[in-house]
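Encoded as structure tokens, the structure appears first; notes follow it.
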Amino acid sequence: MKLLHTAQQFRAFRDELHGTVGLVPTMGALHDGHIAHLGAARAVAGVDHTVVSVFVNPTQFGVGEDLDRYPRTLGEDVKRCAAAGAAAVYAPPVEDIYPPHLPPCPVGPPAVADDLDGARRPGHFAGVCRVVMKLLQRVQPDVVTFGRKDYQQLCVVRAMIEDLFVPVRIVEVPTVREPDGLAMSSRNRHLDPDARRRAKALSKALRAAAALAARGETSPAAAESAMTDVLNAHGLEVDYAVVRQHRSLETVDTLSPEHCVALIAAHVVNADQSRVRLIDNLALDETIAG
Ligand code: PAF
């Protein structure tokens, strides 16, 4: 497996590659949830070669967010990708993705980016769209994977790719969870033991919303307050706990298990008062084991 840093190195590698290529875009600190993307690219789309990009993208972090604290574990990431059968890890320096002499060309995010994380993290999805377009242009993959764990990101990227006619197929990768239901995330490593224990409230809250929908509850507000109660009971600070329409993420008047998704963002506070913001979601016709 190759470890490539510069655009020149990547181009030389890409020119020699024959067969179909899958891109797994990541910010590193890889866990089993990321590794599942390599399996999905092969199993769902039958790609011949998988490239994992590892790039902590500065433009998707706002002022006061955790850009500096974001875990960076390239050595470990490379070993995991090699063991999982990746063809290459592409880990460019910031100046290769954002050359200082080039004036920025923003890629406006589509409307599905306006609310939820888009409203709470101004500029976040503009940064995601810009880096995803750059990575797609550089890697020229046939297939790109995105996780359902970052559901709004998946919806935003899908809308952008569709609107801009980007010739790539998106493979959606299901969320990989810890045994207690917590969705795997690179940020989980910032949780102290007690915060880690309480973080399972996110999946518990989502399960509560799905259970209400399964019992025939039709009020979105009832599901939203059930989720908020679970999160508060575990001492989490709720950013949002909402039910929305699949894909469009528009608000809904009626809960419908087939058409709705519950989404949560909440802060878990460690004993030293540092805060870890976690997100999770669940289609209301799905369940979480555990
Ligand atoms: O989901 C992520 O890790 C990032 O947002 C992505 C898609 C790699 C873009 O930086």
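Given the structure is predicted, the values throughout are model-derived calculations rather than measurements. Read the numbers this way: they start at 1 and go in the same order the structure lists the ligands and their atoms.
With respect to Val238, the side-chain contact (heavy atoms from CB on, under 4.5 Å) criterion is satisfied by exactly one of Asn232, Val230, Asp229: Asn232. Checking each of His34, His37, Arg169 against Thr145 for a side-chain hydrogen bond (donor to acceptor under 3.5 Å, both in side chains) leaves exactly one that passes, namely His37.
In this structure Glu250 satisfies the salt bridge (Lys or Arg N to Asp or Glu O under 4.0 Å) test with no other residue, sequence neighbours excluded.
Look at Asp239 and Arg277 and you find a salt bridge, because one of the NZ, NE, NH1 or NH2 atoms lies within 4.0 Å of a carboxylate O, short of that distance.
Side-chain atoms of Asp48 and Thr20 include a donor-acceptor pair closer than 3.5 Å. A donor-acceptor contact under 3.5 angstrom links the side chains of Asp117 and Tyr240, judged on distance only.
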Dump all N/O pairs between ligand 1 and the protein below 3.5 Å as a table: atom names plus distance, one pair per row.
{"unit_1": "ligand 1", "atom_1": "1 (O)", "unit_2": "Gln153", "atom_2": "NE2", "d": "2.8"}
{"unit_1": "ligand 1", "atom_1": "5 (O)", "unit_2": "Gln60", "atom_2": "NE2", "d": "2.9"}
{"unit_1": "ligand 1", "atom_1": "5 (O)", "unit_2": "Gln153", "atom_2": "OE1", "d": "2.6"}
{"unit_1": "ligand 1", "atom_1": "10 (O)", "unit_2": "Gln60", "atom_2": "OE1", "d": "2.6"}

